[in-house]
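First comes the structure, then the notes that go with it.
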Amino acid sequence: MSKKTKDILKSVGTHVLIYAVLLITLFPILWMVLASIEPQQSIINQNAHGLLEFDATLRNYISIFTEYDFLKYTKNSLIVAFIAVALSLVIGLPCAYAIARFKMRKSSVIVLLVRMIPGISFLLPWFSIFSQLGLRNTYTALILSHMLVALPYIVWIMIPNFESIPVDLEEAACIDGTNRYGAFFRIALRLTTPGMITASLLAFIFSWNNFMFSIVLTGRNTVTLPVAIYDFVSYAYVDWGGLMAASCAITLPIVVLALLLQKYIISGLTAGAVKG
Amino acid sequence: MRRWFDRHMKLVMVLPALIFIVLMIIAPLAYNFSYSFTDWQMSLVKAPKFIGLQNYKEILHDERFLNSVWRTIVFSSIAIVVETILGVALAVLINRKFHGRRVVQALMLLPVVATPVAMGMVWKLMLEPSIGIANVVVEALGFQRRAFLATTGFESMLWLIIIDIWEWTPMVMLMVYGGLQTIPLEPYESALIDGATKWQTFTKITLPLASSSILIAVLMRLIDVIKTYDIIYATTQGGPSFATETINIYGYLNMFAYYRFGKAAAISVLFFIVVMAMGCGFLWVKSKVEVEY
Amino acid sequence: MKKLLALVMVACMVFGLVACGAPASQTTAAEPAAPAAAAPAAEAPAAAPAKADEPKPYDGVTLRVILASHDWTNAMKTEIPKFEAATGMKVEYEVYPEGQLSDKLNVELGSGGQYIDVFMCRPLQEVQQFIKNGFLAPVDDLYADAEFQGDDIIPATLSAYQLSGGDGTMYGVPLVTERQVLMYRKDLFEKAGLSVPTSLEEYEACAKALNGIEPGVVGVTMRGLGNPAVTQFTAYLFACGGDWIDFSGEHPKSLVNTPEAIKAFDFYGRMLREYGPADCLNMHWAECANLFSTGGAAMVTDADSIWKSFCGPDTAVYDKTGFALTPGQHSFNVCAWGLAISANSPNLAAAKEFVKWAAGVEEVKYIQTSGISSARLSSWNDPACTANYPADLLESIQKANEIATKAYDRPLCTSVAAARDAIGAVITASIEGKDVAAAAEKADAEFQRLLDEDFGG
């Protein structure tokens, strides 16, 4: 066998293997999409028909927006995630900068610990505190809890970003007359825009996905999407079609973000694994 | 005033985040900690009674708790080992030349970023013994129908581990892949000249040079995997017959189904201490790795 | 850094003290709240339909009501606006599925409950704990109100809202009742030449004969998932002469490993293992309903209140299904869902008005007509209200109502969820063909421990 045929074979093998892995990875998601356009009768009778032999229907989708108020839930999810990320940036960026510039190793421990604490410990205390402050059934309570999800990601991802800015640049700016706060705003923040996009994206995704805090802290008007999924599981019936349509609707924005901005998301997920 | 701000920049910059963390985290933890010494059952009319270490004693003799600890360890370690091996293998695979790299990478991301509760529901539907696709496949392959998540043996746990592996292997893969791309070409060239086999190149060059990113990936998984919650909540909620009950789920049940707030608080305190210890270990290892790197 | 640490420590300690003190101070607040609330309720005007130009009795009052996603809730959605129009009240309701409902109630009531007015719950599951914890407002004055016709409510279901071993104070109103019935495929029974089973022996013989009578059809299906199966298992426990708790002695005693109970565990497990679906260990009622409604099982026993999921008009087996009493003929009649009022509700009078209306004779008749098994005798006795029930289902329900001696389908203790988990493990072991006696022994010890905790043994 010549080297060329060997190379071609190897390349074919690589492609087959990679796309097979991709198919396995995507299968559950494809199945979700498929089930979301299937009528209930056909979902619960999988043996009776071939995989693709069913009357495709958009009824499940229509029902989640008409019978259930998915537009409102989407709006709630967006409001909570956006504001939580924005506020986390406001308090997280200076914190990450200080940790990076003043080499506060110990403080970064706290940030990481925040990410690791099991969420159930917070639920009851938060609820009673928020109730006493009159924040029950408000976005404020939800946003504060989601900031706890967003903040560690932002700080964690931004520390190496700030570390990678040469100190000389900031010192030069200081000599030019700005103080150190000015250097932070004009130099550091400007140079780490890609890092900020990455951090915000990830924080947004994990806030969007959050279920545990939302289930306890949402009220009638602030229900977010992951909580709304449970609308389809009732005492006497599991509406699988609606459930899958709802799952699709929740996942879709994230999928779009992931496909459009994959570069940033990947660099965020791998933050800490590869230096700067 | 301005001078003060200038001199204490460190404090000024960190303070907002610190205040937030103290209010949102330390306060609830203190709340839990103080209740873990009481017998409070969430009653409004019976004040919590101080019972010292009773809750802790009870937990450490509670077979269900000990089993849940054991299950958490088994779940975490198997998931991490498999995710690491698969993740490294896949990273090496996608480091080869192929068409559609960007698309493949983006699509592989989906399990990591998709809403876990929704994904749990999808897996539940697929593995549903009477209506799921899984049993259709199993029958088509000529095997007996299976119950998957509906078994009290290890199988239900195994399927949860598989779901976790499905969800997180891509992240390990991407992290390791990132590490692989920083490896310079020279060592490979000299290995080629020395006539090293593929396996030798992999173990002698690739692995050592990617080791720091592998280690970080493992440690990142470790801190997330022991508190896996959404997936288990959506699929089995710890059942059948406690077969998939991890520490997190058991603590949740004590708080939300059994009304044993004192006991649940004690469980969360113990869980917190373990996580804390692991976190410090994590940072210690990370600092070592970074120095070598 | 050191100063900061000290600050944090102080904050923690202060907070810890406040936290520990909170429930104690709520104690004093809760006690006077109950009698004080009873007074305005008595003075409150009756819900006479107000004329449009008159000021309505509850103008400006907003009630927060937490409901379960249940057919009852769906049926009431169109009724609530009428109530609002008549009273001037604004009813803001939130709907949650069973599991999330429990979480929500637990967190909100546990932290004071001053933001909930009325809520739906499963009395046998949660109410004992709720009463002990002071979550519920007593509603004796509602039962004393002649308009409410409290004596019309099926008497056996009332115990669900009283503290067991207490003074008989009522803490809520039953809405939905359940009995266990046998649903069977008439066509398959005809094909096999069988008659409807009445005893456990006949039941087993039928299951054996019907198992595999058509390809893919199992003899019987019942809940196999441990915790949920407990309520369905209870009918067989009673049929075997067993019970959950012996209240006759000084301390309540677990009966989980008595010979009668072991016989019942054995029977239940054997039926499912030998003649049931292979995957029954994960089957809640919804999975059983999937199987039966698509023609995959010849018999099923479950709660009559959800018969539509098994064989309602939308299913493939609607006209092929017959109903009968659960074999063994020892049914119970239980209150599955009901309404209660939060002890610290700021709108007690309005909340009572809502409950009085929602569980009142007229609304219940409407509910019963839409196919939900109610808790009022008047609607069961009104043929117009039961017209939607298949004749043999109605007959079985009425027979069950007559013979039912027990009003519980799970242990009557406080730690119901933990007890169901422990007992469910025996059911699981039995289905798997493991040593039932050993499993029962273990569950017995655990259950006894829970009873000692609950009743201060």
Side-chain angles (χ1 to χ4, degrees), chain A residues 14-15 17-18 21-22 25-26 28-29 31-32 35 43-44 46-47 91-92 94-95 97-98 102 107 109-110 112-118 120-122 124-126 144 147-148 151 179-180 205 209 211-212 226 229 240 243 247 250-251 254-255 258-259 262 265-266 269-270 272-275, chain B residues 6 9-10 13-14 16-17 20-21 24-25 28-29 31-32 90 93-94 96 98 104-119 121-123 125-126 131 133 136 170-171 174-175 178-179 182 213 216-217 223 227 229-230 248 251-252 255 268 271-272 275-276 279 283 293:
Chain A
T14 306
H15 280 83
L17 214 54
I18 286 176
V21 170
L22 185 66
T25 311
L26 292 185
I29 294 170
W31 191 250
M32 168 176 81
I43 295 179
I44 63 175
Q46 211 54 252
N47 281 319
I91 66 171
C95 176
Y97 181 78
F102 301 106
S107 309
V109 181
I110 300 179
L112 201 73
L113 282 178
V114 172
R115 214 188 122 180
M116 297 190 311
I117 300 170
I120 53 166
S121 341
F122 301 133
L124 197 82
W126 274 355
L144 284 173
M147 278 174 71
L148 206 64
L151 187 66
N179 61 14
R180 292 164 81 188
I205 289 174
N209 287 348
F211 172 71
M212 196 197 261
I229 283 192
W240 283 109
L243 189 62
S247 299
I250 293 169
T251 319
I254 300 289
V255 170
L259 295 184
Q262 57 143 322
I265 294 179
I266 291 174
L269 284 175
T270 56
V274 189
K275 271 201 92 182
Chain B
D6 277 348
M9 181 181 189
K10 192 158 116 179
M13 301 279 270
V14 178
F20 176 78
I21 286 175
M24 290 292 287
I25 296 183
L29 287 180
Y31 183 107
N32 275 338
L90 289 177
L93 184 66
I94 64 164
R96 291 191 191 168
F98 69 98
V104 169
Q105 261 188 27
L107 290 175
M108 293 286 259
L109 255 182
L110 296 187
V112 183
V113 295
T115 311
V117 179
M119 293 302 116
M121 289 294 183
V122 176
W123 277 94
L125 172 62
M126 294 200 305
I131 65 173
I133 175 77
V136 177
M171 190 188 84
L174 290 169
M175 290 178 89
T182 62
S213 54
I216 302 289
I223 55 177
K227 50 172 198 168
Y229 174 80
D230 292 13
N248 227 353
Y252 174 87
M255 193 176 299
S268 77
F271 198 19
F272 174 71
V275 167
M276 188 94 147
L283 282 157
Y293 198 63

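Just so it is clear: chains get the letters A, B, ... in the order the sequence lines come, proteins before strands, and each one is counted from 1. Only this structure's heavy atoms are used, side chains among them; waters, hydrogens and symmetry mates stay out. Nothing here was measured: the structure is a model prediction, and the numbers come from that model.
Taking OG1 of B/Thr115 as the start and CD1 of A/Ile229 as the end, the distance is 7.0 Å to the nearest 0.5 Å. The line from CG of B/Leu109 to CD1 of A/Ile254 is 11.5 Å long, rounded to the nearest 0.5 Å. Of the inter-residue distances, the one linking B/Phe272 atom CZ with A/Ile117 atom CD1 reads 4.5 Å to the nearest 0.5 angstrom. B/Met108 CE to A/Thr25 OG1: the interatomic distance, rounded to the nearest 0.5 Å, is 4.5 Å. Of the inter-residue distances, the one linking B/Met121 atom CE with A/Trp240 atom CH2 reads 7.0 Å to the nearest 0.5 angstrom. Put simply, CD on B/Gln105 and CG on A/Leu22 are 11.5 Å apart, with the number rounded to the nearest 0.5 Å.
Only the side chain of B/Ile21 comes within less than 4.5 Å of a heavy atom in chain A; its backbone stays farther off. Both the backbone and the side chain of B/Leu125 come within contact range of chain A, with heavy atoms under 4.5 Å apart. Using a 4.5 Å cut-off between heavy atoms, B/Tyr252 contacts chain A through both its backbone and its side chain.
Counting heavy atoms from C-beta on, the side chains of B/Pro28 and A/Trp126 come closer than 4.5 Å. Taking 4.5 Å as the limit, some side-chain heavy atom of B/Phe20 sits within range of a side-chain heavy atom of A/Leu148.
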Problem set entry | Full working for side-chain contact (heavy atoms from CB on, under 4.5 Å) between B/Met24 and A/Met147 | CA-CA 10 Å; B/Met24 290 292 287; A/Met147 278 174 71; over 6 Å; no
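Every residue two or more places apart in sequence or in another chain was checked for a side-chain hydrogen bond (donor to acceptor under 3.5 Å, both in side chains) with A/Thr251, and none qualifies.
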